Amino acid sequence: MIAIVLFGKPGAGKGTQAEFLKEKYNLTHISTGDVFRYNLKNETELGKKAKVFMDNGELVPDSLTIDMLAEEVAKNMDKAGFLFDGFPRTIKQAEALEVLLNEKEIDFVGTIGLEADDEVLVARILERGKTSGRADDQDADKIRTRYVEYNEKTAPLIDYYVGKGKYMAVDGIGTIEEITNRLSTVIDAIV
């Protein structure tokens with residue numbers, strides 16, 4: 001059983017590509033956002049705990065996020081592996097994910113980063129914003145603010161994974177099919 005982290009800035013195409021990759025490689029796609037929404041909507045014990053932090057305007061602690069992800073992993077052990085999207089976002093989260101994967105005897109094969117120019121991504125998100133209904137997808141300044149946060153908090157993961165020999169960059173510009181083919185070439189080489 002394997003695990004892959006799909007990495008990239010908002011608008012890089014992680015969610016779109018995950019849909020293709022999960023089918024091709026029989027992976028369970030675990031999106032942190034989807035996991036949070038499920039737990040909150042269904043008022044699970046973990047969802048109730050997370051809601052307390054969120055209602056107070058605080059970030060949900062990493063330990064609680066890992067507990068939610070651990071439940072998702074446990075529910076989906078019948079697949080060939082996992083494709084993580086939106087997690088980890090910090091080095092501390094990356095370390096916690098590695099512990100979880102080791103406990104479950106899942107082989108972490110690497111992180112694949114979808115790379116693209118910020119202005120190309122801003123244009124993509126603004127286009128997506130026409131149908132997504134998300135207010136933060138309809139304002140270029142808000143999108144750029146998300147990139148500042150990404151660069152400060154999440155981008156250091158690139159060096160972390162490069163240092164472990166577990167980071168592969170993929171050009172995230174092109175048609176969906178072109179990008180899927182690039183990702184498949186990388187995945188085929190590491191699994």
Side-chain angles (χ1 to χ4, degrees), residues 1-39 44 46 50 60-116 121 150 153-191:
M1 186 169 274
I2 65 165
I4 298 170
V5 171
L6 197 53
F7 194 75
K9 291 181 180 178
K14 297 179 301 295
T16 299
Q17 290 301 324
E19 290 303 309
F20 294 105
L21 297 174
K22 75 178 187 180
E23 295 302 322
K24 182 172 183 175
Y25 295 99
N26 190 30
L27 302 172
T28 297
H29 174 215
I30 298 183
S31 161
T32 315
D34 291 346
V35 171
F36 269 88
R37 284 185 284 280
Y38 170 84
N39 280 279
T44 66
L46 293 173
V60 175
D62 290 344
S63 59
L64 188 52
T65 303
I66 282 286
D67 288 347
M68 286 185 194
L69 293 176
E71 280 194 359
E72 283 302 303
V73 167
K75 288 191 290 191
N76 292 286
M77 293 296 285
D78 60 331
K79 300 281 185 152
F82 299 91
L83 183 62
F84 290 92
D85 165 10
F87 191 88
R89 292 185 185 215
T90 65
I91 291 172
K92 185 176 177 186
Q93 289 178 353
E95 293 167 344
L97 179 60
E98 289 170 28
V99 169
L100 168 65
L101 295 175
N102 285 334
E103 287 173 356
K104 298 287 186 183
E105 298 180 357
I106 298 169
D107 182 22
F108 174 59
V109 295
T111 299
I112 303 173
L114 283 170
E115 298 188 344
L121 297 179
Y150 173 92
K153 296 179 181 173
T154 307
L157 278 171
I158 294 172
D159 289 337
Y160 175 79
Y161 283 124
V162 165
K164 290 180 164 282
K166 296 279 187 177
Y167 184 82
M168 288 80 41
V170 170
D171 181 2
I173 303 299
T175 66
I176 291 172
E177 185 177 325
E178 289 169 340
I179 298 165
T180 303
N181 288 337
R182 288 180 204 136
L183 287 166
S184 295
T185 298
V186 169
I187 292 170
D188 290 344
I190 60 175
V191 295

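Since the model is a prediction, treat every value here as computed from it, not as a measurement. In what follows, every heavy atom counts, from backbone to side chain, and hydrogens, waters and symmetry copies are set aside.
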From [X] atom [atom1] to [Y] atom [atom2], the distance as rounded to the nearest 0.5 Å:
X: Leu6; Y: Gln17; atom1: CG; atom2: CD; value: 7.5 Å
X: Met1; Y: Asp107; atom1: CE; atom2: CG; value: 11.5 Å
X: Lys24; Y: Ile187; atom1: NZ; atom2: CD1; value: 8.0 Å
X: Leu157; Y: Thr90; atom1: CG; atom2: OG1; value: 6.5 Å
X: Asp34; Y: Asn39; atom1: CG; atom2: CG; value: 11.0 Å
X: Asp62; Y: Leu69; atom1: CG; atom2: CG; value: 10.0 Å

Kindly determine whether Lys79 and Asn26 satisfy side chain to side chain contact (heavy atoms under 4.5 Å, CB included), including the steps that lead there.
CA-CA 6 Å; Lys79 300 281 185 152; Asn26 190 30; 3.2 Å; yes

If you measure from the Lys or Arg side-chain nitrogens to the Asp or Glu carboxylate oxygens, is any gap between Lys166 and Glu98 under 4.0 Å?
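Salt bridge flag = no for Glu98 with Lys166.
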
Can you name the closest pair of heavy atoms from [X] and [Y] and give their distance?
X: Ile106; Y: Val73; result: CD1-CG1, 3.8 Å
X: Ile179; Y: Gly172; result: CD1-O, 3.1 Å
X: Ala12; Y: Leu114; result: O-CD1, 3.6 Å
X: Ile2; Y: Val191; result: CD1-CG1, 3.4 Å
X: Pro88; Y: Tyr161; result: CG-OH, 3.4 Å
X: Tyr25; Y: Ala80; result: O-CB, 3.6 Å

Check: [X] side chain, [Y] main-chain N or O, donor-acceptor pair, under 3.5 Å:
X: Gln93; Y: Ile66; value: no
X: Arg182; Y: Asp171; value: yes
X: Lys14; Y: Lys9; value: yes

Yes or no on side chain to side chain contact (heavy atoms under 4.5 Å, CB included) for Thr65 and Phe36, after CA distance, side-chain angles and deciding distance?
CA-CA 8 Å; Thr65 303; Phe36 269 88; 3.4 Å; yes

Would you please name every residue forming a side-chain contact (heavy atoms from CB on, under 4.5 Å) with Tyr38, sequence neighbours left out?
Asn42, Thr44, Lys75

Please collect all ring pair (Phe, Tyr, Trp, His ring centres under 6.0 Å) contacts where either partner lies in residues 78-98, sequence neighbours excluded, each pair once.
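Every pair satisfying ring pair (Phe, Tyr, Trp, His ring centres under 6.0 Å) with a residue in residues 78-98: there are none.
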
Find out whether Glu72 and Thr28 are in side-chain contact, i.e. whether some heavy atom of one side chain is under 4.5 Å from a heavy atom of the other.
no

Kindly check if the number of other-residue, nucleotide or ligand heavy atoms within 6.0 Å of CD1 (Ile176) is above 12?
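For Ile176, atom CD1 is not crowded (no more than 12 foreign heavy atoms under 6.0 Å).
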
Got a sec, which residues hit side-chain hydrogen bond (donor to acceptor under 3.5 Å, both in side chains) with Tyr167, two or more places apart in sequence or on another chain?
Glu115

